[in-house]
Amino acid sequence: MPKREYNFTDIEQKWQGFWEGCGLFHVDENSTKEKFYCLVMFPYPSGTLHVGHGRNYIIGDVVTRYKIMKGYNVLSPIGWDAFGLPAENAAIKSSVHPAIWTRNNIKAMKRQLHRWGVGYDWNREITSCEPNYYKWTQWIFLKLYENNLAYKKKAAVNWCPSCATVLANEQVVNGCCERCDTPVRQRDLEQWFFRIGQYSQKLLDDLALLEGWPERVKTMQANWIGRSEGVRIDFRLEESGKILSCFTTRPDTLYGVTFVSLAPEHPVIGKLISGTPQEKHILNFVEKARNQSMVERTAEGTEKEGIFTGKYVINPVSNDKVPLWVANYVLMEYGTGAVMGVPAHDQRDFQFAKKYNLPVKIVIQPEGKELNVNTMKEAHADNGIQVNSGMFDGIPNTEAVRKITEYLESKGIGTKTVTYRLRDWLISRQRYWGAPIPIVYCEKCGTLPVPESQLPVVLPEEVEFKSHGMSPLAQAGSFIHTKCPKCSGMAQREIDTMDTFVDSSWYFLRYLSPKDNTRPFITEKVNKWLPVNQYIGGVEHAILHLLYSRFITKVLYDLGCIGFREPFEHLFTQGMIIKDGAKMSKSKGNVVSPDILIDKYGADTQRLYILFIGPPQKDAEWNDRGVLGAYRFLNRLWQKITDYEDIYTKVPRFDIHIQELSAEAKTLYRQTNQTVKKITEDLDTSWHFNTAIASIMELLNKVDSFNVVTPHTDEEKI
RNA sequence: GGGCGAGUGGUGGAAUGGCAGACACGAAGGACUUAAAAUCCUUUGGCCGUAAAAAGGCCGUGUGGGUUCGACUCCCACCUCGCCCACCA
């Protein structure tokens, strides 16, 4: 038999054309079939795609096609998360406008997605940097502003004094500017925040609703929200008698307090030390601590440093007089910005006390051994029995937590408090390439939101990019100067843009009405199609993107705009593709281009290999030889199928009489059905694409050996 | 320091309480070829066994314990690696 060639180019072009022609991936919204919303995280248009990106889209494509075959009405949309810092950096480096750079990248990546043969409803494509999209990102901002969920306050940014510009955390390398190596300083700017903190408890509670999410992602979110129960205890300043509150989760250690520390930013410091001889020293210390960049100050191994204020506070239960310090490890944003120091029972306090010769006082003795102040090498943070604790002596410390809290509350010197680690979401970016924040500042009328009728606030395209200095928007006079929406007098626009996470926290609603210019989304449609049945993306988004999307969904639900509280029913997080020991990425220089592989072996080979490489939720090592194996298999399969084309096109599909088959043919028939069953299970319940493919390979191997041992007549019956 | 995950042949992996190593890669040998590539066939965890083979046997899933008739799989402790977070009071 003459060998025919497996001409993947023709085959793939033919079928891609066929799918497009029959609109396989276009959703018929009037269909009576059950809906299925399959969503892949929309890509950032960074340049070109590499095979590592492909995993996400190929898995999404498999799910989409499988659900279509199972009879669902499947929505599988795609778009572009198109605002962001890399576009701006490209503009500075190579003088290409971010808009041009971004649109070119989108064009290139779109071509690549098409070549991969992944199926989307392209009629619904959205691009977050286009005015018809960011108009509605601005609308979301206005809704939050109207409902007191957006506010402005001073917050520190990383500031490079040499470039005179704000740096993102990732642009700070070892505490220095990545471009000029100048040490980065902290600088306070007025910035916009969303009150996600107000939703901490809801975001935590509703994790329980997410049965289709991986446990580890839910745990990560719960840890990030970081609820902790404790007590706010009122200490008093020795001289003035004024209250200084400390937050603690360990009220049982209250009798062991030997000092109290303040965050360098604590507002009480200034007044407290004003006019004292040590004032200058302390202010120097505060200044130094505040100039450590966030990254540096919170990095592991940063030396704990402090300075004595010369003042004392009074312990409300023991009446001990303890020194008041300022320490760089105390954070103003968490708790009250003041911490009680218990060296005997907190390791960090222990180190601090040893360094500055502060006393150690044991108030909890572990059972079975006795702690001694003079021989302790580290703090005892575990449980034990209360000692040196007045009326609470002799009870287990776990009980003392409750008893001391009750006592403090009854005396009015403490309050049970729940705190969350989750801070409000800083959405201001001193950048050009983002959605402008729709706010106007009028000298007469103050801070005003841009009326909805005036949206979008269009990002001007004629601006200058300089390697240093302020955001290009700050120099765009025609953008800044505007009329006050209230008094029509002279006013100025906000020049900060929004964090790109705002763009991506609602895009899944827009796919249902991507071109509607009258509203961000259509309530009836999103209520019908959401929550998303299956969301697929990288685990690196387990916290921020997924938490922000949940937050915005909850806000819109509370405002009555939508009828569901969680956006994503099932979540799948795929593993990374590793090459030469590192995640495949352009910056590491270890990318494999899909285009070259498609030219050589075809898209199906690449798709098959990506699915065969290993369990999809785990990281996988890329191996060029593995691609060849996938190619060989497809060749064999294609040869086998075309060999018998004339037979099975003639025989009706289910016209097989089992009784008439030979024993070998019967076995093969059974094995075929077993394979179908195995693949169905792999796709339905576990997403074991690799073993599904392996079982087809096995079946093909069996078909091959069947031909060898059986006379030709039996083949024809199959 | 906290959280999550993973340790199985030369490699990616399969088996999740019942024959460990499916499937694939690589390697070795052979067929075809002037030759190479491609393709096809055979072998391929280690050790013992044998003149060579075969039969057969023993060992083997990071380490040490445990549960069980039976453990890669479940439980406890430890070691190593990866990822995420981290001075959170």
Side-chain angles (χ1 to χ4, degrees), chain A residues 3 5-6 214-228 230-233 245-251 253 257 260-263 289 292 294-306 327-342 345-349 351-352 381 417 419-423 538-544 573 575-578 581-583 608-609 612-615 617-633 635-636 639 678 682 686 688 690-701 704-705 708:
Chain A
K3 278 276 174 212
E5 202 189 339
Y6 167 52
E215 276 312 312
R216 64 180 179 135
V217 173
K218 287 192 273 187
T219 311
M220 281 162 91
Q221 290 218 349
N223 291 340
W224 186 258
I225 295 166
R227 179 190 157 102
S228 61
V231 199
R232 221 182 57 225
I233 302 174
S245 295
C246 295
F247 174 77
T248 183
T249 54
R250 292 293 303 274
T253 64
V257 173
V260 166
S261 306
L262 298 171
Q292 283 180 314
M294 277 315 184
V295 174
E296 194 183 345
R297 199 167 136 197
T298 57
E300 183 181 13
T302 300
E303 183 74 15
K304 290 171 190 32
E305 284 176 5
N328 66 345
Y329 69 85
V330 182
L331 307 174
M332 194 59 220
E333 296 86 358
Y334 187 78
T336 60
V339 184
M340 56 188 226
V342 189
H345 305 293
D346 182 284
Q347 185 57 22
R348 203 180 34 195
D349 294 345
Q351 286 170 1
F352 193 79
T417 316
T419 53
Y420 300 90
R421 249 183 43 131
L422 183 64
R423 320 245 174 93
V539 74
E540 65 272 22
H541 295 110
I543 295 174
L544 297 180
T573 53
M576 294 181 303
I577 297 289
I578 309 288
K583 177 185 177 175
L608 189 80
Y609 176 61
F612 186 61
I613 194 168
Q617 68 278 12
K618 280 174 65 178
D619 290 353
E621 175 89 28
W622 181 268
N623 178 355
D624 286 330
R625 302 302 309 230
V627 180
L628 210 62
Y631 180 67
R632 284 206 282 252
F633 167 69
N635 256 297
R636 281 177 59 210
Q639 296 292 350
K678 160 81 177 151
D682 279 346
S686 52
H688 288 170
N690 52 335
T691 53
I693 291 166
S695 66
I696 300 174
M697 290 174 168
E698 281 176 77
L699 183 65
L700 182 62
N701 291 345
D704 266 350
S705 28
V708 172

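From a predicted model like this one, the values you see are computed outputs, not experimental measurements. Just so it is clear: chains get the letters A, B, ... in the order the sequence lines come, proteins before strands, and each one is counted from 1.
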Nucleotide paired to B/C78 in any strand shown, Watson-Crick or G-U, under 3.5 Å
B/G62

Run the side-chain contact (heavy atoms from CB on, under 4.5 Å) test against A/A338 and tell me which residues pass, sequence neighbours left out.
A/L244, A/C246, A/L262, A/H266, A/T336

Sequence neighbours left out, cut at 3.5 Å: what donor-acceptor pairs do the side chains of residues 624-632 of chain A make with other protein atoms?
unit_1: A/D624; atom_1: OD1; unit_2: A/W622; atom_2: NE1; d: 2.8

Please list each protein N or O that sits under 3.5 Å from an N or O in nucleotides 25-28 of chain B, with the distance.
unit_1: B/C25; atom_1: OP1; unit_2: A/R632; atom_2: NE; d: 3.2
unit_1: B/C25; atom_1: OP1; unit_2: A/R632; atom_2: NH2; d: 2.7
unit_1: B/G26; atom_1: OP1; unit_2: A/R625; atom_2: NE; d: 2.9
unit_1: B/G26; atom_1: OP1; unit_2: A/R625; atom_2: NH2; d: 2.3
unit_1: B/G26; atom_1: OP2; unit_2: A/R632; atom_2: NH2; d: 3.0

Contacts of type side-chain contact (heavy atoms from CB on, under 4.5 Å), residue A/R250, not counting sequence neighbours
A/T248, A/D252, A/T253, A/I364, A/N397

Nearest to the side chain of A/N701, heavy atoms from C-beta on, is which of B/G82, B/A24, B/C88?
B/A24

In this structure, how many angstroms lie between the P atom of B/A24 and the CH2 atom of A/W622, rounded?
18 Å

Using a distance-only criterion (donor-acceptor N/O pair, under 3.5 Å, no hydrogens), is the base of B/A89 paired with the side chain of A/R250?
no

Sequence neighbours left out, what passes side-chain contact (heavy atoms from CB on, under 4.5 Å) with A/K678? Give chain and number order.
A/D682, A/T691, A/S695

By the rule that syn is within 90° of 0, classify the base conformation of B/G9 as syn or anti.
syn

The side-chain hydrogen bond (donor to acceptor under 3.5 Å, both in side chains) partners of A/R636 (sequence neighbours excluded) come to A/N701, A/D704

Using Watson-Crick geometry (N1-N3 plus N6-O4 or O6-N4) or G-U wobble (N1-O2, O6-N3), each under 3.5 Å, B/G18 is paired with B/C69

Base-pairing mate for B/U44 - Watson-Crick or G-U, with both contacts under 3.5 Å
B/G26

So which nucleotide does B/U39 pair with, by the Watson-Crick or G-U wobble rule with both distances under 3.5 Å?
B/A31

Applying the 3.5 Å cut-off to both distances, the Watson-Crick or G-U partner of B/C83 turns out to be B/G3

A/Y420 atom OH is separated from B/A89 atom C1', nearest whole Å, by 17 Å

